[in-house]
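Here's the structure we're looking at; comments come further down.
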Amino acid sequence: MDKETLAYEERVTVFIDILGFKEMLSETISSKGDPRQEKINEIVDAYRAIRDVWDLDLGKEKDYRSVSKNSKRITTFSDCLVISFKTTEKDEVMYTLLEIKWMIMRLVDRGILCRGAITHGKLIHTEEILFGPALAEAYILESKAAMYPRVILHADILKIAKENRMHPNDPYNEDEELVSLLEKDTDGMYYIDYFAKAQEELDDPEYDFPSYMQKLGDKIRKGLMGSSSIFKSDIKVKYRWMKERYNRLIDQAQNKDFLKRLEKQGDHDLARAYRSFKKINPYD
């Protein structure tokens, strides 16, 4: 029987790396060499949280979208995740950005960070085979350009998104949706914003957001404390990047007009919760 001939396809390609995975693995074994089941369970839970997002996409529930996803492929191995789809898939860039944002937030909820890059190019991606220049470029972008705990986009990805709208004659809502997912960083790179723009993805945005903010702040403070050694200065840079964005988030959450609106509508406990947040020391 002749084997199937595989050829390169033009595919949007996502490479995501779970940060601190070696440390997580080391915690699954005690100093005596015994398995620590609670730590193993934490990693399993993180894997399941990631897969829940993509299993939803692959057909277990399709209520939130109406287009076929025949070309989408997802591969997980160790601490890495690769997602790809044909560049001509309608609205798939926007959907995938949204799903990555959900994944990032699920990981933050578990005290886990990730870093990644989204590019496009030639790739073969099946259930058994995964290789191509697009994957190599995504990996290089992730390791060399992403730098901080963020998922960045190659500039062409936004162009692909606009060229493959489901409704090309009504670009406003789709452009607005893209803007709501992304932030332009100081180095000119666009990244998926899981700070200020995370709120709208929560089930009950105003009431769930303080809890998310608390977990995000705790993770940053813990990371800064754990990277105080001169030998961990590269790690500290990553957490300082997060700290700057977190402190801006606190400024927005404690905007006087916003707090007054909460008080006016009777949400006194919620207003009190937002007021209680403290910025992370700018000198840490």
Side-chain angles (χ1 to χ4, degrees), residues 16 19-20 97-98 100-118 142 145-153 155 157-158 175-228 232-263 267 269-284:
I16 293 175
L19 299 178
L97 292 176
L98 180 59
I100 293 171
K101 186 175 179 180
W102 291 344
M103 184 199 72
I104 293 171
M105 293 174 64
R106 284 173 177 235
L107 291 177
V108 166
D109 194 55
R110 291 159 174 82
I112 300 171
L113 302 174
C114 64
R115 184 177 67 194
I118 308 172
E142 180 273 329
M147 297 175 63
Y148 313 112
R150 60 180 184 171
V151 177
I152 61 173
L153 285 69
I157 299 301
L158 294 178
D175 287 350
E176 188 178 53
E177 188 77 24
L178 280 171
V179 169
S180 73
L181 294 170
L182 305 174
E183 186 68 27
K184 193 172 185 179
D185 217 336
T186 53
D187 60 0
M189 301 294 297
Y190 282 96
Y191 68 96
I192 298 173
D193 184 7
Y194 58 97
F195 293 89
K197 294 178 181 177
Q199 185 170 10
E200 59 265 30
E201 304 307 330
L202 297 165
D203 292 335
D204 192 347
E206 286 190 351
Y207 283 90
D208 291 344
F209 200 47
S211 175
Y212 178 79
M213 289 172 61
Q214 183 68 54
K215 290 176 180 177
L216 187 57
D218 289 346
K219 178 64 180 176
I220 299 168
R221 289 185 177 92
K222 183 179 179 181
L224 287 169
M225 290 177 61
S227 60
S228 57
K232 295 184 177 180
S233 57
D234 58 328
I235 298 175
K236 193 160 192 172
V237 168
K238 296 175 175 61
Y239 282 104
R240 281 179 170 169
W241 178 87
M242 295 182 70
K243 177 190 64 178
E244 291 173 4
R245 281 137 195 85
Y246 182 79
N247 284 345
R248 288 206 298 263
L249 173 58
I250 297 298
D251 284 336
Q252 293 176 33
Q254 294 178 343
N255 176 274
K256 291 181 180 179
D257 292 337
F258 171 65
L259 293 174
K260 284 180 181 179
R261 179 172 64 81
L262 291 180
E263 295 280 9
D267 291 324
D269 290 342
L270 185 57
R272 194 176 303 113
Y274 281 116
R275 285 195 180 95
S276 70
F277 284 104
K278 304 294 184 185
K279 287 185 179 182
I280 299 172
N281 189 335
Y283 301 105
D284 284 342

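Atoms SG and CD1, on Cys114 and Ile192 in that order, are 8.5 Å from each other to the nearest 0.5 Å. Taking CD1 of Ile250 as the reference point, atom CZ of Arg245 lies at 14.5 Å (rounded to 0.5 Å). A distance of 7.5 Å separates CG in Leu153 from CD1 in Ile100, rounded to the nearest 0.5 Å. Taking CZ from Phe195 and CD from Gln252, the interatomic distance works out to 11.5 Å, rounded to the nearest 0.5 Å. The distance from atom CE of Met103 to atom CZ of Arg106, rounded to the nearest 0.5 Å, is 10.5 Å. Residue Ser211 holds its OG atom at 9.0 Å from CG of Leu202, rounded to the nearest 0.5 Å.
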side-chain contact (heavy atoms from CB on, under 4.5 Å) for Leu98 and Leu181? Distances and angles first, verdict last. CA-CA 7 Å; Leu98 180 59; Leu181 294 170; 3.8 Å; yes
Tell me, with the steps shown, if Ile16 and Arg115 meet side-chain contact (heavy atoms from CB on, under 4.5 Å). CA-CA 6 Å; Ile16 293 175; Arg115 184 177 67 194; over 6 Å; no
Quick one: do Gln214 and Phe277 satisfy side-chain contact (heavy atoms from CB on, under 4.5 Å)? Show the steps, please. CA-CA 8 Å; Gln214 183 68 54; Phe277 284 104; 3.5 Å; yes
Run the side-chain contact (heavy atoms from CB on, under 4.5 Å) test on Tyr274 and Met213 for me, step by step, so that the C-alpha distance in whole Å, both residues' side-chain angles and the decisive distance to 0.1 Å come before the verdict. CA-CA 9 Å; Tyr274 281 116; Met213 289 172 61; 3.8 Å; yes
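Proximity of Glu183 to Lys197: side-chain heavy atoms (C-beta onward) are separated by under 4.5 Å at one or more points. Residues Leu97 and Val151 form no side-chain contact, since every pair of their non-hydrogen atoms from C-beta on lies 4.5 Å or further apart. You'll find the side chain of Met147 stays beyond 4.5 Å of the side chain of Lys238, heavy atoms only. For the pair Tyr191/Leu182, no side-chain contact is recorded, criterion being any heavy-atom separation below 4.5 Å from C-beta on. Contact check for Arg221 versus Lys243: no side-chain heavy atoms found under the 4.5 Å cut-off. Looking only at side-chain heavy atoms (C-beta outward), Tyr239 and Leu113 come within less than 4.5 Å of each other. In this structure, the side chains of Leu216 and Met242 come closer than 4.5 Å at one or more pairs of heavy atoms.
Distance alone, capped at 3.5 Å, places no donor-acceptor pair between the Lys236 side chain and the Ser227 backbone. Within the 3.5 Å criterion, the main-chain N or O of Ser180 finds no donor-acceptor partner in the side chain of Asp193. At least one donor-acceptor pair under 3.5 Å links the side chain of Asp208 to the backbone N or O of Asp204. In terms of modelled atom types and a separation under 3.5 Å, the side chain of Gln254 and the main chain of Lys278 share no donor-acceptor contact.
Test Tyr148, Tyr190, Trp241 against Asp185 for side-chain hydrogen bond (donor to acceptor under 3.5 Å, both in side chains) and you get one pass: Trp241.
In plain terms, the two heavy atoms of Ile280 and Gly217 that are nearest each other are CD1-O, 4.2 Å. Residues Ala273 and Ser276 share a closest heavy-atom pair of O-OG, 2.6 Å. What you find for Pro210 and Leu270 is that their closest heavy atoms are CG-CD1, 3.7 Å.
Classified by interplanar angle (parallel below 30°, tilted 30° to 60°, perpendicular above 60°), the ring pair Phe209/Tyr212 is parallel.
Using a cut-off of 4.0 Å between Lys/Arg side-chain N and Asp/Glu carboxylate O, Asp251 and Lys279 are scored as salt-bridged. A salt bridge is absent between Glu142 and Arg150; no separation between the charged side-chain nitrogens and carboxylate oxygens falls under 4.0 Å. In this structure, Arg272 pairs ionically with Asp269, as a charged nitrogen and a carboxylate oxygen lie closer than 4.0 Å. Between Arg275 and Glu263 there is a salt bridge, since a side-chain N of the basic residue sits under 4.0 Å from a carboxylate O of the acidic one.
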